[in-house]
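See below for the structure under consideration.
Small disclaimer: the values here were computed from a predicted structure and weren't measured.
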Amino acid sequence: MNTLNILSLFNAENIIFLISNVPESFKDTFNFLQGDGVYEQGVMHFLRGMKNTMWSHYDVFIADAQALAAIFMLISFATRSYEMISGDKKLEIMPLLRPFALVMVIIWWGSFTRVISYPTDIIAAKTESLFDSGQQQINALRIKRADLMIKIADQLTTIQAQTEVAQKEADSWYEKAWESVTSTVKDGFTNVWNTVTQLKNRMQVNLQLLLTFTLETLALWILRICVYVIFMIQIIYSTILIILGPFSVSTSILPAFRDSFASWIARFVSVNLYSGIAYLVMHISGLLQQYALEAEITRYEQLLANSENTLEKLGWFASNGILSFGIVIISFLIGGLTMLTVPSISTWIVSTSGITSAVSTVARNSSSALRTASKIITKV
């Protein structure tokens, strides 16, 4: 058994251990409301299929590009022939073969784009497998944490009800008015009042729990939107480059636009690197999310454990307004912000022009939206 299989078995055992005490109904409800992972598998599968579907329309303008290439070839040959006839230049064979090579690229455009994208596809596949290796455990931690939050809410409801009942019993009116009443009646009244008080307090705790889930869902969707936007940008840009790329090849036949084909290759490789870099950033963000989930799970378990200062801790925790420590929310927001750096990282690896300014506009608008959302979360 190799190391990868051992790690997979170890992660599977950890996942089973984490969710062993969580009811199946709760897991189904949580996955239905929050999604089957930090990044929903259905959306990620749709984006992969959408990319393959869009790339299948690479030959929309092939015929037009071939006709344009033929015209440019005639212009190029006429220019070079005139230069040689006039004696300005000597006969050179290799420059004359270049237009034919570019036309062959246009004819075999589908195969050419697949060859160019092959190295970036390998990078994307390896980083995606690295990303997938920790997602099941992260989702198990999310379910375990949500279950502990529900248990904390139930315990807060019970403790607050018991506290209010004790306050009622300690009231002077209660002591004087019920001195002659038997203990059986007192116990019956205490049980009834305790039930009523629990219902009232449960409404208050449920409002805190609802606010907590609302903030976490908002942070989670900010993260998801940033991820989906990056993949959509890659699909749109790569599709445009593939469909309109033959025109760049044909225009590069002319000496004035000689570098257009090389610029197209650089941009195409840079855009295709988005997937590999995005999965790597998501994997690093996943490590932060795993730490945040484990840290909060540990704190929830300490609150649920019976110790001397449990009531004091629960009191301080309930006074925060939300039933969360905020670490997971911050990890989601940080993951969303780091996803916006994917285009910049790609241009560090393969230097391009044009794409950087277009992506920076999208990133700048997304950053403004994230700052607005962060201010809303902070105020709440």
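Note on M50: it clusters hydrophobically with Y274, by side-chain heavy-atom contacts below 4.5 Å among ILVMFWY residues. Under the 4.5 Å side-chain heavy-atom criterion for Ile, Leu, Val, Met, Phe, Trp and Tyr, F257 and F100 are members of the same hydrophobic cluster. Neither I334 nor I230 shares a network with the other; the hydrophobic side chains, linked directly or stepwise wherever heavy atoms of I, L, V, M, F, W or Y lie under 4.5 Å apart, form separate groups for each. Both I71 and M104 belong to a single network of hydrophobic side chains, linked directly or stepwise wherever heavy atoms of I, L, V, M, F, W or Y lie under 4.5 Å apart. Hydrophobic clustering (ILVMFWY, side-chain heavy atoms < 4.5 Å, transitive): L244 and I253 are in one cluster.
Side-chain N/O atoms of S270 and S346 include a donor and acceptor closer than 3.5 Å.
The two residues S252 and S260 come nearest to each other via the heavy atoms CB-OG, 3.2 Å. Scanning both residues, S344 and T347, for their nearest heavy atoms gives O-OG1, 2.7 Å. Annotation for I106 and A69: closest pair CD1-CB, 4.0 Å, computed over non-hydrogen atoms. Shortest non-hydrogen contact noted between V115 and P119 is O-CD, 3.5 Å. A pairwise comparison of heavy atoms in W264 and G245 identifies NE1-CA, 3.4 Å as the closest pair.
The line from CD1 of I297 to CD of E301 is 7.0 Å long, rounded to the nearest 0.5 Å. Note that the OH atom of Y300 and the CG atom of L148 stand 8.5 Å from one another [nearest 0.5 Å]. K51 NZ to M54 CE: the interatomic distance, rounded to the nearest 0.5 Å, is 12.5 Å. To the nearest 0.5 Å, atom CD1 of residue I265 and atom OG of residue S248 are 10.0 Å apart. L220 CG to I225 CD1: the interatomic distance, rounded to the nearest 0.5 Å, is 10.0 Å. In this structure, the separation between SG on C226 and CG on L337 is 6.5 Å, given to the nearest 0.5 Å.
Here the side chains of T120 and V269 are in contact, with some heavy-atom distance below 4.5 Å. No side-chain heavy atom of Q41 sits under 4.5 Å from any side-chain heavy atom of Q135. Taking 4.5 Å as the limit, some side-chain heavy atom of M73 sits within range of a side-chain heavy atom of P99. A heavy-atom distance below 4.5 Å is not found between the side chains of P343 and I233. A heavy-atom distance below 4.5 Å is not found between the side chains of N139 and V38. When side chains are defined from C-beta on, S117 counts as touching W55, because their heavy atoms get closer than 4.5 Å. Between V103 and Q66 the shortest side-chain heavy-atom distance does not fall below 4.5 Å. I349 is listed as a side-chain neighbour of I277, based on a closest heavy-atom distance under 4.5 Å.
In this structure, F247 has its ring center under 6.0 Å from that of F61.
In this structure, W109 contributes its side chain and I62 its backbone to no donor-acceptor pair below 3.5 Å. Distance alone, capped at 3.5 Å, places no donor-acceptor pair between the S111 side chain and the W108 backbone. The closest donor-acceptor contact from the side chain of N272 to the backbone of F268 lies under 3.5 Å. Side-chain atoms of S76 do not come within 3.5 Å of backbone N or O of F72 as any donor-acceptor pair. E296 places a side-chain N or O within 3.5 Å of a backbone atom of V328 that can act as its donor or acceptor partner. Remark: side-chain polar atoms of S331 are not paired, donor with acceptor, to backbone N or O of L288 under 3.5 angstrom.
Ion pair R145/E216 flagged as a salt bridge, since at least one NZ, NE, NH1 or NH2 atom sits closer than 4.0 Å to an Asp/Glu carboxylate oxygen.
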Would Y279 and M282 count as a side chain to side chain contact (heavy atoms under 4.5 Å, CB included) if you check the C-alpha gap in whole Å, the side-chain angles of each, and the deciding distance to 0.1 Å?
CA-CA 5 Å; Y279 281 120; M282 290 160 64; 4.3 Å; yes
Applying ring-ring contact (aromatic ring centres under 6.0 Å, His included) to F112 and Y118, what does each step give before you reach the verdict?
CA-CA 10 Å; F112 176 77; Y118 182 73; over 10 Å; no
Verify side chain to side chain contact (heavy atoms under 4.5 Å, CB included) between M44 and E128, making sure each step is shown before the conclusion.
CA-CA 11 Å; M44 301 302 292; E128 183 179 1; over 6 Å; no
Could you check H283 against T127 for side chain to side chain contact (heavy atoms under 4.5 Å, CB included), going step by step and ending with a plain yes or no?
CA-CA 8 Å; H283 172 66; T127 53; over 6 Å; no
Does the pair L223 and Q289 meet the rule for a side chain to side chain contact (heavy atoms under 4.5 Å, CB included), with working shown?
CA-CA 11 Å; L223 170 62; Q289 294 162 14; 3.4 Å; yes
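Surrounding CZ of R258 are at most 12 heavy atoms belonging to other residues, nucleotides or ligands under 6.0 Å away.
Applying the ring-ring contact (aromatic ring centres under 6.0 Å, His included) test between Y39 and each of F332, F131, Y228, F46 identifies F131 as the sole match.
For the pair R224 and W221, the cation-pi test (distance below 6.0 Å, angle within 45°) is passed.
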